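Remember, predicted model here, so these are calculated numbers, not experimental data.
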Amino acid sequence: MEENTLEFKALARIVKRRKLEIILPIIAIFLIALVGAVLWPPTYRSSSTILIEEQEIPPEYVMSTVTGYAEQRLQTISQRIMTYNRLMEIINRFNLYADIRGKSSMEEVVQKMRDSIQFETISADVIDRTGRAKAATIAFTVSYEGEKPEVVQQVANVLASLYLEENLKSREEKSAGASRFIEEEGKQIQTQLAELDGKIATFKQSNLNSLPELTQFNLQTLQRSDQEIDQLNNQLRSLKEKESSLLTQLASVPQDLANPDKERLKELRAKIVSLRTRYSEEYPDVVKSKQEIAELERRLSSGRQQTALGGQSDNPAYIALSAQLAGIRSDINSVNNQISDTRSRRDSYRNRIESGPRTEEQYKLLIMERNNLQAKYDDLMKKGMEAKVAQGLEKTQMGERFTLIDPARLPEEPVSPNIPVVLLLGLILGTGAGVGTASLREFSDKSAHLPEDLERITQLNVLAAIPEIVTNEDRERGKKRRKLMLILSGVAAVCGLLIFHFMIMDLDILIARIMRQLAL
């Protein structure tokens, strides 16, 4: 037959002629779907819903140390729960998959359980503290699928409790870890502070006189030392003048009143002292006086050892002047010593001031390092107190927590197989198979069923057509066929009602719903 659009009557004749090829595949595939739906072991599902609640105390008062989004923590908790050991504990506890544990490896059994567990988050648009709406996870569900409703419910509850316990454990571990880390860091910085304080103390001890805080004192002391040196120099100059005056007076006073040579010697000595202050050593009067003094000294050499200058004298004036001269000379020595000491002290303070900038730079670096460490230590102590408060928040379960709001219930109906869908799919597939079979038989049939078919095939006009002769035997055979079809239809209807009653919905409930709808 050519591929063209068949008229309705021709299509009806084809359906009538190929009704067995259409009906038999429909019935066969539908029965296969029915048997499969009946024999397919039912799978039940039980779910637990857990709410994610925010911490009760506002974050402005207590900041939690557990950070991160809820989705990230949920994924982390899921990975911890889905480990091999955790799932094996549940499998052994409830004796799950006993039919395949002897045939398959334990890895395959654990993987089958992972595939039976479903985790879904529930999101909603919430208003954050900035007043903007954003999507946030507010809850999640944990489901488990299995063949036994009671076991499915128990496993779902165990999984939900694992999520609750793991969340509490994870948050407590994180808060305790944060507190412990801050405490250890604080101890390390405290040790560094102690070491740095030791360095500062050693530096101060080795640079005690050139520390920055003593710079002003050193400057003032240096200034006072210069003033003292000036005063001592003035004092020394005055004392030397007095010494010169006393020497002049002492030269004019005879040491021994009974000896004229001594008197003359004294006069000459006083004269030469006076001449030396005005003339040089080559001056004639000075030379003459020196020669005369030498002559007198030779004559008085024997007695001069006893009555020499500074020795015993019987002249009270001479003795008084000698005592004054000795005092002046003692004062001169004392002033010279004082000047030497003051200059040494001045040089010492000058060295301190000169080394002050270098010492100050090193000292400032040490102090700056210590201040930075102290600030870091203070900040860590503050954070440590906050971490301890946050740890107490987690221990008392007042932080963000999981709350089981809908525990797993005993499933009443299986989630698979979906018998109506299976039967509908079997009916659709059967219809498609029947139509395909009838179409294949029709297109492969080269016989002519109508005069028009014969004319199209032979290109000749049909003069007459003999109608189908129906005998009594054909009529009886048709009646038996119709009776069989009626019986099969009745059996199929009864079977369908029974299947609907036991597999889908109780007929009493269906009738009640229909009556309620009719009443409305």
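By the 4.5 Å heavy-atom criterion applied to side chains, Leu74 and Ile52 are counted as neighbours. With a 4.5 Å cut-off on side-chain heavy atoms, Glu185 and Gln188 count as touching. Counting heavy atoms from C-beta on, the side chains of Ser48 and Asn157 come closer than 4.5 Å. Side-chain contact check for Leu373 versus Tyr377: every heavy-atom pair is 4.5 Å or farther apart. No side-chain heavy atom of Tyr44 sits under 4.5 Å from any side-chain heavy atom of Glu147. Within the 4.5 Å cutoff, side-chain heavy atoms of Leu159 are placed close to those of Ile117. Using a 4.5 Å heavy-atom threshold, the side chains of Lys112 and Leu96 count as separate. Looking at heavy atoms from C-beta onward, Lys148 lies out of side-chain contact with Val152 at the 4.5 angstrom threshold.
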Apply the test side-chain contact (heavy atoms from CB on, under 4.5 Å) to residues Met88 and Asn92: give CA-CA distance (whole Å), side-chain angles for both, the deciding distance (0.1 Å), then the verdict. CA-CA 6 Å; Met88 279 302 302; Asn92 295 329; 3.7 Å; yes
Could you give me the CA-CA distance, side-chain angles and deciding distance for Arg93 and Val158, then say whether side-chain contact (heavy atoms from CB on, under 4.5 Å) is met? CA-CA 11 Å; Arg93 177 179 176 183; Val158 169; 3.7 Å; yes
Test Asn372 against Met368 for side-chain contact (heavy atoms from CB on, under 4.5 Å), laying out the working first. CA-CA 6 Å; Asn372 292 335; Met368 185 182 300; 3.9 Å; yes
List the steps and the verdict of side chain to side chain donor-acceptor pair (under 3.5 Å) for Asp115 and Gln111. CA-CA 6 Å; Asp115 297 337; Gln111 185 59 41; 3.2 Å; yes
Does the side-chain contact (heavy atoms from CB on, under 4.5 Å) test come out yes or no for Tyr84 and Glu107, once each step is laid out? CA-CA 8 Å; Tyr84 178 87; Glu107 289 290 344; 3.8 Å; yes
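Here Asp378 pairs with nothing under the salt bridge (charged side-chain N to carboxylate O under 4.0 Å, His left out) rule; sequence neighbours left out. Not a single salt bridge (charged side-chain N to carboxylate O under 4.0 Å, His left out) links Arg114 to another residue, sequence neighbours left out. The side chain to side chain contact (heavy atoms under 4.5 Å, CB included) check on Glu145 picks up Thr43, Arg45, Gln118, Val415, with sequence neighbours excluded.
Counting all heavy atoms, side chain and backbone alike, Leu404 lies closest to Ala160 at CD1-CB, 4.2 Å. Contact detail for Arg86 and Arg80: the closest heavy-atom pair is CG-O, 3.7 Å. Shortest non-hydrogen contact noted between Leu51 and Ile405 is CB-CG2, 3.7 Å. Contact between Gly426 and Ile29 at its shortest, heavy atoms only, is O-CG2, 3.4 Å. The two residues Pro25 and Thr437 have their closest heavy-atom pair at CG-OG1, 4.1 Å. Between Leu196 and Leu366, the closest heavy-atom pair is CD2-O, 3.9 Å.
The CD atom of Glu476 lies 9.0 Å from the CD atom of Glu473; values are rounded to the nearest 0.5 Å. Distance check, rounded to the nearest 0.5 Å: CD of Glu166 to OG of Ser78 gives 10.0 Å. In this structure, the separation between CD on Gln192 and CZ on Arg370 is 12.5 Å, given to the nearest 0.5 Å. Considering NZ of Lys169 and CD of Glu165, their distance stands at 9.5 Å, rounded to 0.5 Å. How far OG1 of Thr49 is from CD1 of Ile122: 5.5 Å, rounded to the nearest 0.5 Å. The CG atom of Asp197 sits 8.5 Å away from atom CD of Gln374, with the distance rounded to the nearest 0.5 Å.
No donor-acceptor pair under 3.5 Å is formed between the side chain of Ser104 and the backbone N or O of Arg101. In this structure a side-chain-to-backbone donor-acceptor pair under 3.5 Å is missing from Ser46 to Pro411.
Within a 6.0 Å sphere centred on CD of Glu120, other residues, nucleotides and ligands contribute 12 heavy atoms or fewer.
Ring-plane geometry between Tyr163 and Phe140 is classed as tilted, the angle between the planes lying from 30 to 60 degrees on a 0 to 90 degree scale.
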